[in-house]
Undergrad: 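So that we are looking at the same thing, I have put the structure below in structure tokens.
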Amino acid sequence: MPELPEVETIARGLDRRVRGATIVSVWLGEKPEPFRSPPAVLEKALTGSHIARVHRVGKHIIIDLEPAGSSHKREAAPAQWLVHLGMTGRMLVAEAEAAVLPHTHAIVDLADGRQLRFVDPRRFGRLSIAEPPAAQASAEPGKLFRGTGREPLDISQRDFDALFRGRRTPIKSALLNQKLLHGVGNIYADEGLFRAGIRPRRQAGRLSHAELARLRAGLQAVLQEAIVLGGSSVSDYVDSDGQRGFFQLEHRVYLRTGEPCRVCQTPIRRILVAGRGTHYCPNCQK
DNA sequence: CATGTTTCCTGACAGC
DNA sequence: TGCTGTCAGGAAACAT
């Protein structure tokens with residue numbers, strides 16, 4: 001399940017491998033679920049474009065596109081290809097001859113003979129195009145898509161506190177809400193709350209300033225450490241080079257139900273919050 | 001508007 | 001072996 005650190009790792013790998021490549025043609029599969037923009041829009045924006053940069057916003061991979069060739073060819077505007085991996089989505093760079101995996105929904109042919117392939121068995125992932133408003137050449141093509149919430153690694157403490165003010169929902173639900181913070185999913189919500197010593201069901205709006213400061217620090221620490229280790233490989237996550245991450249070895253609560261807490265040896269407990277498996281230490285978290 | 005619940009999907013796994 | 005049922009979860013749709 002790719003969250004912020006996994007998506008960051010994948011985006012960095014893709015940037016290294018396909019930045020500067022030119023897209024010559026596109027194949028889109030029959031299943032409609034992966035296409036959040038109409039297939040015709042995807043096809044038109046991608047075909048003939050040049051990949052200027054690959055980066056991350058929240059859990060989205062952003063591929064900045066530029067119209068190919070000299071600028072006065074057509075009035076084609078810069079656009080962005082947005083990829084959300086959902087639960088099981090993958091973006092692979094492959095040689096054209098390589099076997100096509102089952103559940104491949106899109107294949108983008110590059111001028112150098114390689115391909116970018118989107119594979120997603122569960123089809124929770126989504127491909128879309130962000131374009132500047134009609135007839136208005138965007139001044140900042142790299143920033144068309146701004147995401148749905150705030151970046152957890154950039155946000156100030158003041159803004160972080162304001163996100164949760166007055167909310168009666170459990171803090172874990174608030175952390176998963178992409179309209180508040182984006183990029184945090186089930187793993188890093190649980191791990192961040194553990195580091196902050198806060199129980200997942202605590203009402204978001206009732207946390208003290210000190211607790212919110214610990215939460216922001218814990219969340220940022222866990223995200224940054226995970227990026228360094230290439231993300232968490234639970235189930236079958238691998239990055240764009242097919243490499244597994246190693247942060248799962250550092251998990252203190254996630255998927256450790258019944259195992260002793262690494263700090264106090266109390267068995268880790270599992271409950272359901274916002275419909276998701278939620279793990280915490282009943283002794284360390286208050 | 002805020003919050004909770006249901007839905008979409010397939011692979012993995014338990015139980016028989 | 002092979003079938004059935006259950007579960008996982010991000011985010012949108014829907015209900016309260």
Undergrad: Counting only heavy atoms from other residues, nucleotides and ligands, does the tally under 6.0 Å from CZ of A:Arg36 exceed 12?
TA: no
Undergrad: A:Met87 CE to B:dT10 C1': how many Å, rounded?
TA: 10 Å
Undergrad: Is the phosphate of B:dA2 approached by A:Arg168 (side-chain N or O, under 4.0 Å from OP1 or OP2)?
TA: no
Undergrad: With respect to the phosphate group of B:dG4, does any side-chain polar atom (N or O) of A:Thr169 fall under 4.0 Å of OP1 or OP2?
TA: yes
Undergrad: Please report the distance, rounded to the nearest Å, between NZ in A:Lys31 and C1' in B:dC8.
TA: 14 Å
Undergrad: Once you round it to whole Å, what is the distance between C1' of B:dT3 and CD of A:Gln203?
TA: 12 Å
Undergrad: In residues 271-279 of chain A, which residues come under 4.0 Å of DNA chain C by heavy atom?
TA: A:Arg276, A:Gly277
Undergrad: Grab the CZ-C1' distance between A:Arg123 and B:dG11 for me, whole Å please.
TA: 13 Å
Undergrad: Please work out if A:Arg165 contacts a base, only the sugar-phosphate, or nothing of the nucleic acid, heavy-atom cut-off 4.0 Å.
TA: nothing
Undergrad: Does A:Arg214 have more than 12 heavy atoms from other residues, nucleotides or ligands lying within 6.0 Å of its CZ?
TA: yes
Undergrad: Nucleotide range of DNA chain C contacted by chain A, 5' to 3', under 4.0 Å to a heavy atom?
TA: C:dA8 to C:dA12
Undergrad: Sub-3.5 Å donor-acceptor pair from the side chain of A:Asp64 to the main-chain atoms of A:Ala52, do we have one?
TA: no
Undergrad: Between A:Gln178 (side chain) and A:Val184 (backbone), is there a donor-acceptor pair under 3.5 Å?
TA: yes
Undergrad: With heavy atoms under 4.0 Å as the rule, sort A:Arg126 into base, sugar-phosphate or nothing.
TA: nothing
Undergrad: Roughly how many Å is it from CG in A:Leu101 to C1' in B:dT10, rounded to a whole number?
TA: 15 Å
Undergrad: When you group the ILVMFWY residues by side-chain heavy-atom contacts below 4.5 Å and let the links chain together, are A:Ile187 and A:Val253 in the same group?
TA: no
Undergrad: State plainly whether the residues A:Arg195 and A:Glu225 are in salt-bridge range, i.e. N to O under 4.0 Å.
TA: yes
Undergrad: If you group Ile, Leu, Val, Met, Phe, Trp and Tyr by side-chain heavy-atom gaps below 4.5 Å, do A:Ile51 and A:Ile107 land in one group?
TA: no
Undergrad: Between A:Glu211 and A:Lys286, is there a side-chain N and carboxylate O pair less than 4.0 Å apart?
TA: no
Undergrad: Before accepting this row, confirm whether a basic side-chain N of the pair A:Arg216/A:Asp161 lies closer than 4.0 Å to the acidic partner's carboxylate O.
TA: no
